[in-house]
Amino acid sequence: MKAALHTQYNKNNIELEIREVAVPTINENEVLVKVLVAGVNPLDNMISRGEVKIITPYKLPQIAGNELVGVIEQKGSKVANFEIGDRVFSRLPLDRIGAFAEYVAINKEDIAKVPEYMTDEEAAAVPLTALTIMQALELMGAEQGKTIFISGGTGGVGGMAIPIAKAKGLTVITNGSVENKERVKKLGVDQFIDYKTTDYTTVLKDIDYVLDTLGGAETEKQMSIMKSGGKLVSLKAMPNGSFAKRMNLPWWKQFILSLAGRKFDKMAKKYGVSYNFIFVESNGKQLQEVSDIFSKLEIKPSVDTVFEFKDVNKALDKVANGRSRGKTVLSFK
């Protein structure tokens, strides 16, 4: 089968190599999935640049790609809830990535059934982003009836975070460009703030939870609108010691990341809130919950560009440098 591989870490020139490799064999708890479409993410470029080595050191060459949609062609003897022919999607485990290939062996615990109404391309936009939201809310211990601020909620992350947070019973506030106001209102947002005319720090206070999708100077601004004891989870700031401990990293990595994230821990202490960084993990059960939520609401993820698999490096370049209005995906069809 054909697969696109990371062959070296390179901070500047990211080029995957397409090679012929063996079709993987499966064990009793796995399924063999014929890949239809794979999602392309900033994370794929980060891996090529060596930026996640401290979290997951890959032994190169390594098949690239973190999320996919495909059809089950074989299943192990202990796989009970899925059948051959089922259309499934997955955010692959951190230590077993490899979505940029014609076939992937995946544990039954890491897959979920794709909502019937979604196209393959739309479904490829879901696993990594939606699981990030689910796991962020879990990390917050988000409780029904409380309020969450999702910064920059008019982008791809917000498009999934808003309906998931609403399904969990939260009051949802977001900010963004006014052109997108009606679209996010339809997703269920309770309060929309036009970032061009209103600084959200002047109108918000006593927020229970914040999902920080922006990082930079915005992280501290978001802490300033929270109530004492509030919980912020960042997708863009810096890993810290609690993140390293949660990921069960070796002591020396915990030490390094505790130093790296100390600035944000101090900031959180100043505002009387908690700070956490998240790096999404595979979880088929949570992904199935997302699939069920989306099926009820018939949410249509936004797809920007579909590249043929042979153009994988063009797709990665677009994600690294292009402005997108939705997901970039690779098609194996």
_Presence of salt bridge, E67 and K327, under 4.0 angstrom_ = yes
*Check whether any side-chain heavy atom of L211 sits under 4.5 Å from a side-chain heavy atom of F149, and report yes or no.*
no
*Establish, yes or no, whether a centroid distance under 6.0 Å links the rings of Y195 and Y200.*
no
*Verify the neighbour count for atom NZ of K300: are there more than 12 heavy atoms of other residues, nucleotides or ligands below 6.0 Å?*
yes
_I'd like to know whether N10 forms a side chain to side chain donor-acceptor pair (under 3.5 Å) with S48, so could you lay out the CA-CA distance, the side-chain angles of the two residues, the decisive distance to 0.1 Å, and finally the verdict._
CA-CA 6 Å; N10 190 322; S48 292; over 6 Å; no
*asked:* Quick one, L92 with N66, criterion side chain to side chain contact (heavy atoms under 4.5 Å, CB included). Give me CA distance, side-chain angles, the key distance, then yes/no.
replied: CA-CA 5 Å; L92 297 173; N66 285 271; 5.9 Å; no
_Tell me if the CD atom of Q144 is crowded by more than 12 foreign heavy atoms within 6.0 Å._
no
*Following the transitive rule for hydrophobic clusters with a side-chain heavy-atom cut-off under 4.5 Å over Ile, Leu, Val, Met, Phe, Trp and Tyr, establish whether V126 and V306 coincide in one cluster.*
no
*What distance separates R262 CZ from L257 CG, expressed to the nearest 0.5 Å?*
12.5 Å
*Could you tell me whether R91 and D110 have a side-chain N and a carboxylate O separated by less than 4.0 Å?*
no
*Any Lys/Arg nitrogen of K108 or E30 sitting under 4.0 Å from an Asp/Glu carboxylate oxygen of the other?*
no
*Q74/V31 under side chain to side chain contact (heavy atoms under 4.5 Å, CB included): CA gap, chis, key distance, verdict*: CA-CA 6 Å; Q74 296 175 24; V31 295; over 6 Å; no
*Which distance, rounded to the nearest 0.5 Å, do you find between the CG of L128 and the CG of L43?*
6.5 Å
*Decide whether F264 and L259 are clustered together by the hydrophobic rule: side chain heavy atoms of Ile, Leu, Val, Met, Phe, Trp, Tyr closer than 4.5 Å, transitively.*
no
*Going by atom types only, do D194 and N175 share a side-chain donor-acceptor pair under 3.5 Å?*
no
*F277 to A237 - nearest heavy-atom pair and separation*: CE1-O, 3.8 Å
*asked:* Other residues, nucleotides and ligands only: do more than 12 of their heavy atoms fall within 6.0 Å of NZ on K221?
replied: yes
*Does the side chain to side chain contact (heavy atoms under 4.5 Å, CB included) test come out yes or no for V40 and L330, once each step is laid out?*
CA-CA 7 Å; V40 185; L330 290 178; 3.7 Å; yes
*Can we say E102 and K34 salt-bridge, meaning some charged N sits less than 4.0 Å from an Asp/Glu carboxylate O?*
no
*I18 side chain near F309 side chain, heavy-atom distance below 4.5 Å*: yes
_Side-chain donor-acceptor contact under 3.5 Å, D265 with N240_ = yes
*E308/K333 ion pair, N-O < 4.0 Å*: no
*asked:* Could you report the tightest heavy-atom contact between L137 and A165, atom names first, then the distance?
replied: CD1-CA, 4.2 Å
*V189-L187 co-clustered via ILVMFWY side chain contacts under 4.5 Å*: yes
*asked:* Are K186 and K181 packed together at the side-chain level, in the sense that at least one heavy-atom pair is separated by less than 4.5 angstrom?
replied: no
_If we count only N and O atoms by modelled type, under 3.5 Å, do the side chains of E116 and S295 hold a donor and an acceptor together?_
no
*What's the spacing between W251 CH2 and K245 NZ if we round to 0.5 Å?*
14.5 Å
*Whether over 12 other heavy atoms sit under 6.0 Å from K166 NZ*: yes
*Hey, are K231 and E143 close enough for a salt bridge, meaning a charged N less than 4.0 Å from a carboxylate O?*
no
*Decide yes or no for E298 and M118: does some side-chain heavy atom of the first lie under 4.5 Å from some side-chain heavy atom of the second?*
no
*Are E121 and S331 close enough, and set up right, to give a side chain to side chain donor-acceptor pair (under 3.5 Å), and what steps lead you there?*
CA-CA 8 Å; E121 291 75 18; S331 175; 4.8 Å; no
*So, E220 and K270, do they make that salt bridge, N to O below 4.0 Å?*
yes
*Hey, could you give me the CG/NE2 distance between D44 and H6, rounded to the nearest 0.5 Å?*
6.0 Å
*Just by distance, with hydrogens left out, do D212 and T219 show a side-chain donor and acceptor under 3.5 Å apart?*
yes
_Enumerate the ring pair (Phe, Tyr, Trp, His ring centres under 6.0 Å) contacts for residues 69-119, please, sequence neighbours excluded, ordered by first and then second residue._
none
*Please examine the side chains of N45 and V319, heavy atoms only from C-beta on, and report whether any two atoms are closer than 4.5 Å.*
yes
*Is the shortest distance from a Lys or Arg side-chain nitrogen in K318 or D304 to a carboxylate oxygen in the other one below 4.0 Å?*
yes
_Counting C-beta onward and ignoring hydrogens, is there a side-chain heavy-atom pair between P301 and M160 closer than 4.5 Å?_
yes
*Is there a chain of hydrophobic side chains (I, L, V, M, F, W, Y, each step under 4.5 Å between heavy atoms) that links L131 to V88?*
no
*Using a cut-off of 6.0 Å, state whether more than 12 heavy atoms not belonging to K185 lie near its atom NZ.*
yes
*Which of these, L68, N29, I72, sits in a side chain to side chain contact (heavy atoms under 4.5 Å, CB included) with I106?*
L68
_Single-linkage hydrophobic cluster, 4.5 Å side-chain cutoff, I54 and F255 together_ = no
_Does atom NZ (K253) have a neighbourhood of more than 12 heavy atoms from anything else shown, all under 6.0 Å?_
yes
*asked:* Between N180 and S177, is there a side-chain donor-acceptor contact under 3.5 Å, judged purely by atom types and distance?
replied: yes
*When you look at V329 and F307, which way does the side chain to side chain contact (heavy atoms under 4.5 Å, CB included) test go after all the steps?*
CA-CA 6 Å; V329 300; F307 287 89; over 6 Å; no
*Can you tell me if Q135 and E281 form a side-chain donor-acceptor pair at under 3.5 Å?*
no
*asked:* Using side-chain heavy atoms (C-beta onward) and a distance below 4.5 Å, is M267 in contact with Y275?
replied: no
*Taking side chain as C-beta onward, heavy atoms only, is I173 less than 4.5 Å from F192?*
no
*Within a reach of under 6.0 Å around CG of N81, are more than 12 heavy atoms found that belong to other residues, nucleotides or ligands?*
no
_Interatomic distance, I63 atom CD1 to K2 atom NZ [nearest 0.5 angstrom]_ = 13.5 Å
*How far apart are the closest heavy atoms of V312 and A4, and which atoms are they?*
CG1-CB, 4.2 Å
*Spatial distance of atom CG (N276) from atom CG (L232) [nearest 0.5 Å]*: 8.5 Å
